[in-house]
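Whatever order the structure lists them in is the order used to number ligands and atoms, beginning at 1.
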Amino acid sequence: MTGTDFALELRSITAGYGSTIVLHDVDLAVAPRSVVALLGPNGAGKSTLLRVAAGQLQTRSGTVSIGGADLTRARPVRRARAGLCLIPEGRGVFADLTVRENLRLMTPPWRRVGADDVLDVFPALRAKLDQRTGALSGGQQQMVALGRAWLADPSVVLLDEVSMGLAPLIVDEIFAALGELRTTGSAIVLVEQYVDRALTMADHVVLLSRGTVAFAGPAADIDRDAVQQNYLGIDGGHTDLPASPAGHPPGTAAGQWA
Ligand SMILES: Nc1ncnc2c1ncn2[C@@H]1O[C@H](COP(=O)(O)OP(=O)(O)OP(=O)(O)O)[C@@H](O)[C@H]1O
């Protein structure tokens with residue numbers, strides 16, 4: 001696969017805050033219409049990598065390409081125009097505006113769709129359009145955030161902890177909505193605390209540990225127990241990961257353990 005084939009391609013990303021380097025030489029390649037689960041324990045650098053992709057944080061080195069175009073130094077709005085949409089942790093909706101106002105505001109000017117169009121995909125929002133978004137439940141607010149992604153018709157959506165703080169039944173709805181997003185043709189990068197759900201939906205997995213890639217490969221190849229242990233930090237993280245995906249000697253699986 002050449003670089004132009006990826007919806008999003010991050011190569012050799014080194015980034016951080018002030019004098020602290022958080023990401024060390026990280027790669028993340030997202031094929032069109034694919035779902036990538038970006039996993040790792042707290043503080044591994046997942047949100048930081050999404051910020052780098054969206055242009056909220058500049059890389060120290062490495063490149064960011066969207067749809068094959070090098071946008072490493074481009075501002076966030078250019079990246080959005082190129083097809084990237086970030087739904088940050090905390091959803092990024094305006095609590096004091098109505099649902100309709102939020103959706104209008106979040107529809108890029110170059111898109112010829114209205115807020116009402118989103119109701120075909122998220123019918124639960126129909127009765128809420130004129131309500132203050134901050135008065136909605138957490139799950140409904142998340143629907144508004146996902147509706148925003150749908151309206152933008154992105155080639156790649158980055159989702160940071162979309163199910164955070166939501167009841168399991170609502171999380172089911174959110175994942176159903178993610179499935180809808182996928183069928184509209186968007187690739188998805190999923191940072192998700194429900195690791196099993198993320199792995200069930202994902203085609204590929206990138207597992208970050210202390211700012212480096214510990215595993216990258218097909219979701220089917222990964223040892224879920226090892227991920228759970230690493231993800232939850234039960235055994236202290238990176239050093240306790242097996243040397244290769246379950247059933248594959250090192251170097252023979254499609255995925256690669258670092
Ligand atoms: N704005 C910031 N300024 C300084 N350091 C930060 C900032 N944001 C994150 N960090 C630090 O960068 C490291 C990686 O944080 P990041 O939020 O990317 O991790 P994460 O994998 O998304 O974890 P979590 O699941 O806890 O959000 C952490 O040590 C964190 O304290």
Out of Gly43, Gly40, Gly211, Ala44, whose heavy atom is nearest to atom 24 (P) of ligand 1?
Gly43
Numbering the atoms of ligand 1 from 1, which are under 4.0 Å from a heavy atom of Arg51?
8 (N)
Near Val22 (heavy-atom distance under 4.0 Å), the atoms of ligand 1 are 12 (O), 13 (C), 14 (C)
Could you tell me whether Arg73 atom CZ has more than 12 heavy atoms of other residues or ligands within 6.0 Å of it?
yes
Please examine the side chains of Val213 and Leu207, heavy atoms only from C-beta on, and report whether any two atoms are closer than 4.5 Å.
no
Heavy-atom pairs closer than 4.0 Å: do any link ligand 1 to the side chain of Thr48, the backbone, both, or neither?
both
With a 4.0 Å cut-off on N to O distance, would you call Arg182 and Glu180 a salt bridge?
no
Could you go through the side chain to side chain donor-acceptor pair (under 3.5 Å) check for Thr14 and Asp25 one step at a time?
CA-CA 5 Å; Thr14 295; Asp25 203 21; 5.2 Å; no
Thinking salt bridges, do Asp96 and Arg132 make one under a 4.0 Å N-O criterion?
yes
Out of all atoms in ligand 1, which are within 4.0 Å of some heavy atom of Pro41? Include the element for each.
21 (O)
Gly18 heavy atom under 4.0 Å from ligand 1:
no
